[in-house]
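The residues of the chain are indexed from 1 along the displayed sequence.
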Amino acid sequence: MTFLQEKLGSILIDRQRVDRLVEALDNEQFKARERASRQLAGLGGLIDEVLLAARQQTKSAEVRRRLDALLRERDDGSYRSPLLRRRVRSARILEQIGGDQAKALLKRLAAQMPATPDVLTAAESLRWLMLAKGYGHPLNPTRAALAGVATMKVGRLDWPQWGGWSGRNNTPLGKNIPTSWDVGEFDEDTGDWKKGSGRNIKWVAHLGSTAYGTPVVAGGRVFVGTNNGAANVKRFPETVDLGCLVCFRESDGAFLWQHSNRKLAIGRVSDWPYQGVCSTPCVSGDRLWYVNNRCEVVCLDVEGFRDGENDGPFKTEESEAKDEADVVWKLDMIRTLGVFPHNMSYCSVTCAGDILFVNTSNGVDNSHVRMPNVKAPSFIALDRNTGKLLWPDNSPGEFIVHGQWSSPTVAVLGGVPQVMFAGGDGWLYSFHARQYSGGRPQLLWKFDCNPKSTKWTLGANGTRNNIIATPVIYKGLVYLAIGQDPEHGGGAGHLWCIDPTKRGDVSPTLAVDAKGKPLPRRRLQAVDPARGERAVANPNSAAVWHYAGVDLNGNGKLDRFKELMHRSVSNVAIKNGLLIAVDFSGLVHCLDARTGKRHWIHDMLAESWSSPLIVEERIYVADADGDVAIFGLSADPKVAMVFGKPLQTVNVESSVYTTPIVANNVLYVATNDRLFAIQQKPTTAAKK
């Protein structure tokens with residue numbers, strides 16, 4: 001009798017015990033789940049190793065077939081078929097072995113390579129246990145998001161930062177999210193929404209005249225960045241240009257308070273007129289952190305002054321009225337760190353425990369060429385409780401080509417907590433998220449996201465890009481699209497899947513001269529073919545796959561609009577093994593997350609700044625024409641679309657430069673001037 005059979009023998013006989021276990025789990029006893037989750041933490045990667053090693057080493061075609069089927073099926077996490085339900089039940093039985101013994105079992109299974117039926121059975125059982133119970137966070141992005149949200153002292157289904165959690169994959173849990181709605185009617189004089197008009201609209205809040213900040217929801221409040229077009233605070237009429245972070249009540253959209261930021265005196269080179277606050281805040285418990293238009297990192301009390309208290313060491317607010325923000329601390333990155341933001345300050349901050357990570361927005365001056373301060377940091381870590389600088393990093397330094405408007409991502413990858421920073425030089429950097437010494441972070445790896453022969457030229461003609469989007473984590477890999485300032489228009493872009501377990505320079509290629517000697521780094525073009533310089537394969541490359549487009553006509557070129565992956569300012573979203581990328585030119589790409597193979601593409605016929613939302617097996621994408629397109633989450637274009645068009649397209653009557661989100665089963669869409677809370681209203685039959 002095998003080790004597994006010995007352990008399971010007595011349990012299999014006790015059917016009543018098994019049935020009680022299944023019933024308890026189905027009744028969602030969350031405390032028991034949390035205890036079991038802690039016991040089994042970290043098993044996901046080990047099980048993957050067992051499965052993949054078995055796939056590589058077995059000589060049995062039947063075992064390979066079963067393993068391939070398992071690897072495909074595990075991506076959807078649905079376990080709805082009878083076969084998967086049986087697997088889940090057997091996995092629940094296996095759970096009774098206990099956390100430590102399960103680890104020992106896996107070690108023993110790993111030692112049994114090449115694959116045997118026992119290896120396959122045990123690995124299958126444990127994998128489906130983890131998917132069914134929420135332990136398989138590396139494989140189920142929604143459960144990964146919920147686990148991340150659970151660390152932030154907010155509601156279970158809140159969405160408290162950009163992408164919801166530090167892995168940035170916008171795949172929240174939601175039920176009955178509308179696929180159609182009507183925004184209703186608005187008063188011609190005031191612009192106010194006529195309450196009760198429209199369909200599936202819970203409430204509408206008036207923003208400014210421009211909004212780039214994606215809303216977040218936490219603790220019964222909704223926070224969003226905009227400008228002063230709504231004049232929410234009486235001391236600032238709408239003629240006063242401000243950057244505003246606005247707080248609304250989640251239940252009815254009532255205005256609660258606003259943090260008002262005056263424009264920088266230097267003008268449009270660093271604080272473009274009427275663009276407001278572009279960053280998305282991060283909320284945990286009673287504190288909120290964000291980067292304002294003045295290049296300041298600000299910590300606020302989520303209550304504002306409505307609680308009648310002035311919290312924190314910062315006590316010099318201009319007003320303590322109930323509709324004003326209560327500043328706890330702030331760090332002026334221009335005055336303190338010598339940062340020079342180009343056009344706008346932007347970063348949607350995130351945390352690892354009490355460490356706050358911030359992209360400083362350091363860039364070029366109004367010449368678009370000269371760097372005022374190459375020594376100023378591009379990336380910093382702060383104590384989120386005090387604002388104290390823990391470490392600065394200026395890795396891009398003199399190689400920044402324009403500005404820096406990406407945001408950091410944090411995840412445990414390969415067993416190491418990593419924080420990723422997308423630099424203004426087009427490189428992605430990863431640092432240890434916890435360890436640092438002497439005021440310096442520990443660099444783990446760096447990856448050049450541009451082919452070496454590409455060249456930076458200001459505007460649409462350049463081929464080298466910087467990075468606007470934020471890295472996204474899925475199943476232990478890093479996904480990132482690159483692009484440029486939208487003012488530069490369209491152009492060729494690239495999308496990468498990166499293995500974060502390698503170290504050092506993990507770029508796909510290395511730059512060498514005509515004699516094969518390494519070239520020093522350059523700002524505008526790494527390799528000039530006219531000089532005989534070339535790119536050679538990097539044996540230490542971390543590139544899993546690269547997507548620049550698909551040659552549809554077979555001419556060996558990517559020279560047609562729909563063949564290209566264009567520049568992108570958007571994060572990807574990934575679920576069920578399907579990656580959804582939106583480029584600035586309005587193409588929605590559906591790819592296989594494992595291989596980068598394109599499944600389908602759709603042209604929205606409008607620019608898109610929005611990142612996709614995936615919820616309830618549907619994809620939501622917004623564009624600058626104010627259309628929200630809804631697709632089915634499927635590799636089959638006939639399922640994802642109807643006759644080549646989205647399943648549904650709803651117009652919200654104003655441009656959308658933000659990303660749709662879902663929190664507490666409500667869909668939020670922020671347009672240029674309004675925030676819509678969209679919720680499915682009960683049907684007449686349901687009310688009965």
(message) Can you give me the closest heavy-atom contact between G626 and V656, atom names plus distance?
(response) CA-CG2, 4.2 Å
(request) Decide if atom CZ of F561 counts as having more than 12 heavy atoms of other residues, nucleotides or ligands within a radius under 6.0 Å. (result) yes
(request) Look at the side chain of S570 and the backbone N and O of A469, then say whether any donor-acceptor pair between them is shorter than 3.5 Å. (result) no
(request) Taking atom types as modelled, find out whether D673 and T671 have a side-chain donor-acceptor pair closer than 3.5 angstrom. (result) yes
(message) Minimum heavy-atom separation for N292 and R294, please, with both atom names.
(response) OD1-N, 3.0 Å
(request) Return yes if some donor-acceptor pair links the side-chain N/O of N293 with the main-chain N/O of D271 below 3.5 Å, else return no. (result) no
(request) Using modelled atom types only, decide if a donor and an acceptor are shared between the side chain of N261 and the backbone of G243 within a distance under 3.5 Å. (result) yes
(request) Could you tell me whether K446 sits above the aromatic face of W427, with NZ or CZ closer than 6.0 angstrom to the six-membered ring centre and within 45 degrees of the axis? (result) yes
(message) Can a donor-acceptor pair be found, under 3.5 Å and without considering hydrogens, that links the side chain of S585 to the backbone of G490?
(response) no
(message) Between Q404 and H342, is there a side-chain heavy-atom distance shorter than 4.5 Å?
(response) no
(request) Determine yes or no for a side-chain-to-main-chain donor-acceptor pair under 3.5 angstrom, with D485 supplying the side chain and G403 the backbone. (result) no
(request) Using the side chain to side chain contact (heavy atoms under 4.5 Å, CB included) rule, take F584 and H566 through it: C-alpha gap first, then chi angles, then the decisive distance, then the call. (result) CA-CA 7 Å; F584 179 70; H566 301 266; 6.0 Å; no
(message) Within the structure provided, determine whether V652 and R674 are in side-chain contact (heavy-atom separation under 4.5 Å).
(response) no
(request) Determine yes or no for a side-chain-to-main-chain donor-acceptor pair under 3.5 angstrom, with D551 supplying the side chain and G554 the backbone. (result) yes
(request) Taking R440 for its side chain and D393 for its backbone only, find out whether a donor-acceptor pair lies under 3.5 Å. (result) no
(request) Find the distance between OH (Y346) and OG (S406) and round it off to the nearest 0.5 Å. (result) 7.5 Å
(request) Verify the distance criterion only: is there a donor paired with an acceptor across the side chains of H589 and D583 at less than 3.5 Å? (result) yes
(message) Other residues, nucleotides and ligands only: do more than 12 of their heavy atoms fall within 6.0 Å of NZ on K330?
(response) yes
(request) Using only heavy-atom distances, determine whether the side chains of T360 and N362 contain a donor-acceptor pair under 3.5 Å. (result) no
(message) Between L667 and Y620, is there a side-chain heavy-atom distance shorter than 4.5 Å?
(response) yes
(message) Go through it in stages, so that I can follow the logic: the residues are H602 and M641, the test is side chain to side chain contact (heavy atoms under 4.5 Å, CB included), and I'd like the CA-CA distance, side-chain angles, deciding distance and then a yes or no.
(response) CA-CA 9 Å; H602 175 73; M641 296 176 281; 3.9 Å; yes
(message) Contact between P215 and L675 at the side-chain level, heavy atoms closer than 4.5 Å - yes or no?
(response) yes
(request) Measure the spacing between CZ of R464 and OG1 of T457 and express it to the nearest 0.5 Å. (result) 11.5 Å
(request) For residues R531 and D513, determine if any side-chain heavy atom of one lies less than 4.5 Å from a side-chain heavy atom of the other. (result) no
(message) Within the structure provided, determine whether V621 and P612 are in side-chain contact (heavy-atom separation under 4.5 Å).
(response) yes
(request) Could you walk me through whether W162 and N571 pass the side chain to side chain contact (heavy atoms under 4.5 Å, CB included) test, one step at a time? (result) CA-CA 10 Å; W162 174 229; N571 303 0; 3.3 Å; yes
(request) Compute the centroid of each ring, for W609 and then for Y657, and state whether the two points are separated by less than 6.0 Å. (result) yes
(message) Assess the residue pair I380 and L331 against the criterion (side chain to side chain contact (heavy atoms under 4.5 Å, CB included)); give the C-alpha distance rounded to whole Å, side-chain angles, the decisive distance to 0.1 Å, and a yes or no.
(response) CA-CA 11 Å; I380 60 175; L331 172 69; 4.1 Å; yes
(message) As a test of understanding, state which of W445, F357, W391 forms a ring pair (Phe, Tyr, Trp, His ring centres under 6.0 Å) with F431.
(response) W391
(request) Identify whether the distance between the nearest side-chain nitrogen and carboxylate oxygen of R521 and D448 falls below 4.0 Å. (result) no
(message) Looking at every non-hydrogen atom in both residues, tell me the closest pair between R594 and V544 and how far apart they are.
(response) O-CG1, 4.3 Å
(message) Check whether W456 reaches the backbone of N466 with its side chain - one donor and one acceptor, N or O, closer than 3.5 Å.
(response) no
(request) Output the distance between atom CG (L633) and atom SG (C590), rounded to the nearest 0.5 Å. (result) 7.0 Å
(request) Decide yes or no for P451 and H494: does some side-chain heavy atom of the first lie under 4.5 Å from some side-chain heavy atom of the second? (result) yes
(message) Whether the N170 and W159 side chains hold a donor-acceptor pair (N or O, under 3.5 Å, no angle test) is what I'd like checked.
(response) yes
(message) If you define the side chain from C-beta out and look only at heavy atoms, does anything of T350 sit under 4.5 Å from R168?
(response) yes
(request) Of all the heavy-atom pairs spanning N651 and D625, show the shortest one and how long it is. (result) ND2-O, 3.1 Å
(request) Give the minimum heavy-atom separation between N555 and D559, together with the two atoms involved. (result) ND2-OD2, 2.8 Å
(request) Grab the two heavy atoms, one from A422 and one from I467, that are nearest each other, plus how far apart they are. (result) CB-CG2, 3.5 Å
(message) Taking the basic N atoms (NZ, or NE/NH1/NH2) and the acidic carboxylate oxygens, is any pair closer than 4.0 Å for R522 and D528?
(response) no
